[in-house]
Protein chains: 2
Amino acid sequence: MKNSRLEQIKEYIEKHGKATYDELQELLPDVSNMTIRRDLSMLEEENVVIRVRNGAYSVAEIGKKTEEQFVQRFSYNVSEKKEIAEKTTKLIDFGGCIFIDSGSTTLYFARMLPDDKYCVISNSLNVATELLRKHSPEVVLLGGDVSRNNLVTIGSSTLRFLDEINIETAIMSTTGFSLEGGFSCGAQQESAIKSAVIAKAKKVIMLLDSSKVNKNMPYIFTDLDHIDYLVVDKNFPKKIKEELESRNIKVI
Amino acid sequence: MKNSRLEQIKEYIEKHGKATYDELQELLPDVSNMTIRRDLSMLEEENVVIRVRNGAYSVAEIGKKTEEQFVQRFSYNVSEKKEIAEKTTKLIDFGGCIFIDSGSTTLYFARMLPDDKYCVISNSLNVATELLRKHSPEVVLLGGDVSRNNLVTIGSSTLRFLDEINIETAIMSTTGFSLEGGFSCGAQQESAIKSAVIAKAKKVIMLLDSSKVNKNMPYIFTDLDHIDYLVVDKNFPKKIKEELESRNIKVI
DNA sequence: TACATTATGTTAAAAATGAACAAACCGATA
DNA sequence: TATCGGTTTGTTCATTTTTAACATAATGTA
């Protein structure tokens, strides 16, 4: 019965991410406070929880925090990016084959992508692992040399791989954008892949948070003519928006 | 000066994984206990640390624990596997191109692989991300459909990709092994890739912990004739070892 | 300079914790 | 069944930790 109690506690904490002594007391009204304390001590020894004042956290929960922290450290404009990601999910047709580019905004998009029948292609390890946590989408990962910067596969073999597949919709990101300079990024090999993807895709959706506007990076990978939809946040400059719409690009 | 203090504390905790109030007091002799407490509260708000009795942990540190727990949950025979991985590192030549199979033993191997000039190829996302944490090896990831089970790429495109590359040494794992049944695994597509890798590799090193011995899985991917080295743990049955050595396989 | 805001120190009261001991429980054995 | 050893649980209490509240100092700002 000790074991079943430990299991119960463990289950509760895993489920809720944490628990206070009061909560656990309610869960197990017939045991004393001290017993619960001792139980948590044991679970702490097993690295299942970590005890804090008034209760304990599940280590898994804290694992999530780590991740969150990690993502946020390298990412600014988080709420804008999430907003863009959210809007983008509404543009996706069912059943299609989607390419998802690497980048923080696209990663948020991957996270929000409903659990439906898609086939997703990506060259980003982060996007792939994110999607694999869900149940449904089939994930195809492009092969190639893995770049340490941003955990994407690049190189000639990646391009060749790309040759063999169809892309319905491409969800792209960019490092820089301006009306004159088009869409640009910082590495040649990345740029090559982005270009190739855009060339193959029937529908191209570009995610563009306002921090990217009027920045130019060395390698241009596409211009406005190849973009079907541009999803932006609420801080996006109106002037540019109007200019874009006059060129028949749907700005969302 | 508040910020620099926060930085100092953060740094200390990130480095040591945790800190007690006493330690921090020693680090910062000119501030009061209360200030340190407040600082830790702030860092807790930022998800950098989590406070416990007497001090705080770095969330990153706990992240590691989670991982450890995660690995151990799905993995038995941990010490044997680490032993095997350790031995295997000594068999590796400098400068070669190594294929690393998926599997928990091979993952430990990847973790222990010295930070030298190699080029590593793998179809396992776990192996790849593990290696990318280090500085040096170039990592090539095979493309293809990603299998949710074990996070490896599989399928015909993976095989085609494999055609294009050279493999000097292959570090392989197996799910089952017996003298009669050879090396076997549970999925056809996995088996196809393992076979292809072994066919290409100049030197094949098989990691085999004793829990696999005399287990047979449906798909045989190779037999003893293709294996150059077999790295086993100390519980490996002596009889089988002798039999193998009589067949000219180096058992380590 | 004067004021507002923030940061820090001090203290005391509240609380959480762990240690020690006692009671209950359990299984095995005679 | 009685009894013994071990384990688990409960209770109490002293200790330590924590927090809240207030006072003081520092800092920024008009």
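Chain letters run A, B, ... following the sequence lines, proteins first and then strands; every chain starts at 1. If you're wondering where the values come from, they're calculated on a predicted model, not measured in any experiment.
Side chain of A:S184 to backbone of A:M217: a donor-acceptor contact under 3.5 angstrom is found. A distance-only check finds no donor-acceptor pair linking the side chain of A:S191 to the backbone of A:A187 [under 3.5 Å].
Between the CG atom of A:L40 and the C1' atom of C:dA16 there is a distance of 13 Å, rounded to whole Å. Rounded to whole Å, the distance from CD1 on A:I36 to P on C:dA16 is 14 Å. B:N3 places its CG atom 13 Å from the C1' atom of D:dT27, with the value rounded to the nearest Å. Separating the CZ atom of A:R5 from the P atom of D:dT7 is a distance of 16 Å, rounded to the nearest angstrom.
Listed by chain and residue number, nothing satisfies the salt bridge (charged side-chain N to carboxylate O under 4.0 Å, His left out) test with A:E190 (two or more places apart in sequence, or in another chain). Applying the salt bridge (charged side-chain N to carboxylate O under 4.0 Å, His left out) rule to A:K15 yields no partners; only residues at least two apart in sequence or on another chain are considered. Listed by chain and number, the residues in a side-chain contact (heavy atoms from CB on, under 4.5 Å) with A:E11 amount to none (sequence neighbours excluded). Annotation: side chain to side chain donor-acceptor pair (under 3.5 Å) contacts of A:N214 (sequence neighbours excluded): none. In this structure A:D233 satisfies the salt bridge (charged side-chain N to carboxylate O under 4.0 Å, His left out) test with no other residue, sequence neighbours excluded. Considering only residues two or more places apart in sequence or on other chains, B:T20 meets the side chain to side chain donor-acceptor pair (under 3.5 Å) condition with none of them. With sequence neighbours excluded, the residues forming a side chain to side chain donor-acceptor pair (under 3.5 Å) with B:R51 are B:S41, B:E44, listed by chain and number. Residues satisfying the side-chain contact (heavy atoms from CB on, under 4.5 Å) test with B:K18, not counting sequence neighbours, are B:Y57.
Looking at residues 20-34 of chain B, you'll see B:Y21, B:M34 sit with a heavy atom under 4.0 Å from some atom of DNA chain D. Less than 4.0 Å separates DNA chain C from at least one heavy atom of each of the following residues of residues 50-57 of chain A: A:R51, A:V52, A:R53, A:N54.
Residue pairs meeting the salt bridge (Lys or Arg N to Asp or Glu O under 4.0 Å) criterion with at least one partner in residues 101-110 of chain A, sequence neighbours excluded, are A:D101-A:K194.
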Self-check item: Base versus backbone protein contacts along nucleotides 22-28 of chain C [heavy-atom cut-off under 4.0 Å; B, S, -]
Solution: -------
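Judged by atom type and distance alone, A:R38 does not reach the base of C:dG18 through any side-chain donor-acceptor pair under 3.5 Å.
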